Amino acid sequence: MAITPRQFEQMQARLGGPKRSPVPELDTSLRAATTKNQIIIGVDPSLRGTGYGVIQAGRPSARALAHGTIVCPAGWEHSRCLAKIAQTLREVVAQYRPTVCAIEGLFYAQNLQTALIMGEARGAALVALAEAGLEIFEIAPRKVKQSIVGYGAAQKSAVGKMVQRLLQLPEPPAPDAADALALALAHLQASHRFGLGAPKKV
C-alpha cells in the first residue's frame, strides 16, 4: 500500500517525537581572538636557578620570545637571591609585556627546609609578577609533563626535547628554562580546552 507524504510525516512524528533544535556548537571565536597573539611567561622558581620562558601564541604554533635561567651563586645570601629573582622578572616582563603567567604549583617535599627555600623563591617571583598586573595561574609539575610529553613522570631531558620540537628551537633549552617554557605551553594548551582541567588561578 502506498504511503502518502502526509502519512510519512505523521509516522516520523510518532517515532522521533517532536522536532528538536540542533545543539549549538561551542563558539570558539572569542577564545581564539583572545589567545591569538597572547604573550605568556612561564616561571619555574628556585633559589639558585629560577627558569623563565616567554612565548607568543600563534598559528600554526607558538613561538619563543625569550628564555633563560636566573642564576644565583651558592655564596649569595637568600635575600640577595630573592632580590635578583624579582628584579630580573620585572625586567623580562617590562621588555616582553606578557599578560599571563604560568608558574609551577607547590609540590610535596619531604625536606621541610627545601620546601621553605622553594617557597621563598616562589614568593619573590609572585610579587614581581603580581606588581605588573599579570593574571597568574599555577600548574602542578606532573600536569605540565602530561600536557607536553604525555607522561606525568617524564624526565627533564624529555621535556626539553619536546619543548625544542614544539617551539622549533635550534637546540634544547637549559633544563630550568625548558621547564618554564613547558609551563607556558601547558597553559596555552589548557586555554583552548574551554575550562576542562584549567590551571588554578593564584
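All heavy atoms count here, side chains included; hydrogens, waters and symmetry mates do not. A quick note: this is a predicted structure, and the numbers were derived from the prediction, not measured.
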Keeping to residues at least two apart or across chains, list the salt bridge (Lys or Arg N to Asp or Glu O under 4.0 Å) pairs with something in residues 181-191. none

Please give me the minimum heavy-atom distance between Ala125 and Leu89, naming the atom from each residue. CB-CD1, 3.5 Å

Name all residues meeting the side chain to side chain contact (heavy atoms under 4.5 Å, CB included) criterion together with Ala94; count only those two or more places apart in sequence or in a different chain, and write none if there are none. none

ILVMFWY cluster, Ile70 and Val93 together (side-chain gap under 4.5 Å): yes

Tell me whether Val144 is reachable from Leu126 by hopping between hydrophobic residues (I, L, V, M, F, W, Y) whose side-chain heavy atoms are closer than 4.5 Å. no

Min side-chain heavy-atom separation Ile55-Ile41 under 4.5 Å: no

When rounded to the nearest 0.5 Å, the distance separating CD1 of Ile103 from CG of Asp44 is 8.5 Å

Gln95: partners by side chain to side chain donor-acceptor pair (under 3.5 Å), with sequence neighbours left out: none

Can you check whether Asp176 reaches Thr50 side chain to side chain, under 4.5 Å on heavy atoms? no

Grab the two heavy atoms, one from Ala124 and one from Ala86, that are nearest each other, plus how far apart they are. O-CB, 3.8 Å

Indicate the atoms forming the closest heavy-atom contact of Ala102 with Ile139, along with that distance. CB-CD1, 4.2 Å

Which residues share a side chain to side chain contact (heavy atoms under 4.5 Å, CB included) with Arg80, sequence neighbours left out: Trp76, Glu77

Leu47 CG to Leu116 CG distance, which is reported to the nearest 0.5 Å: 12.0 Å

Who passes side chain to side chain donor-acceptor pair (under 3.5 Å) against Gln87, sequence neighbours left out? Glu91

Suppose we screen for side chain to side chain donor-acceptor pair (under 3.5 Å). Which residues come up paired with Arg63, at least two apart in sequence or across chains? Gln56

With salt bridge (Lys or Arg N to Asp or Glu O under 4.0 Å) as the rule and sequence neighbours excluded, what pairs involving residues 178-187 come up? Lys156-Asp179

Are Pro45 and Glu104 packed together at the side-chain level, in the sense that at least one heavy-atom pair is separated by less than 4.5 angstrom? yes

Under the side chain to side chain contact (heavy atoms under 4.5 Å, CB included) rule, collect the residues that match up with Gln155, sequence neighbours excluded. Ser157

How far does OG of Ser61 sit from CG of Leu166, to the nearest 0.5 angstrom? 8.0 Å

May I ask you to test the Phe137-Val100 pair for a side-chain heavy-atom distance under 4.5 Å? yes

Identify, with sequence neighbours excluded, every residue that meets side chain to side chain donor-acceptor pair (under 3.5 Å) alongside Glu131. Arg90

Residue pairs fulfilling salt bridge (Lys or Arg N to Asp or Glu O under 4.0 Å) with at least one residue in residues 112-128, sequence neighbours excluded: Arg122-Glu138

In chain order, what residues pass the side chain to side chain contact (heavy atoms under 4.5 Å, CB included) check against Arg97, with sequence neighbours excluded? none

Any sub-3.5 Å donor-acceptor pair from Lys143's side-chain atoms to Gly152's backbone N or O? no

Test salt bridge (Lys or Arg N to Asp or Glu O under 4.0 Å) applied to Lys161 - qualifying residues, sequence neighbours left out: none

Hydrophobic clustering (ILVMFWY, side-chain heavy atoms < 4.5 Å, transitive) - are Val54 and Leu167 grouped together? no

Find out whether Cys101 and Leu129 are in side-chain contact, i.e. whether some heavy atom of one side chain is under 4.5 Å from a heavy atom of the other. yes

Just by distance, do the side chain of Lys145 and the backbone of Ala153 share a donor-acceptor pair under 3.5 Å? no

Under a single-linkage definition using a 4.5 Å side-chain heavy-atom cutoff for Ile, Leu, Val, Met, Phe, Trp and Tyr, are Val92 and Leu183 assigned to the same hydrophobic cluster? no

Ignoring hydrogens, what is the shortest heavy-atom contact between Thr99 and Gln38? Give both atom names and the distance. OG1-CG, 3.9 Å

Of the non-hydrogen atoms in Ala66 and Leu181, which two are nearest, and what is the gap between them? O-CD2, 4.2 Å

Do the side chains of Leu188 and Val159 join up, straight or via other hydrophobic residues, at under 4.5 Å, putting them in one cluster? yes

Using every non-hydrogen atom in the two residues, find where Ala62 and Leu185 come nearest and quote the distance to one decimal. CB-CD2, 4.3 Å

Starting at SG of Cys72, measure out to NZ of Lys84 and round the result to the nearest 0.5 Å. 5.0 Å

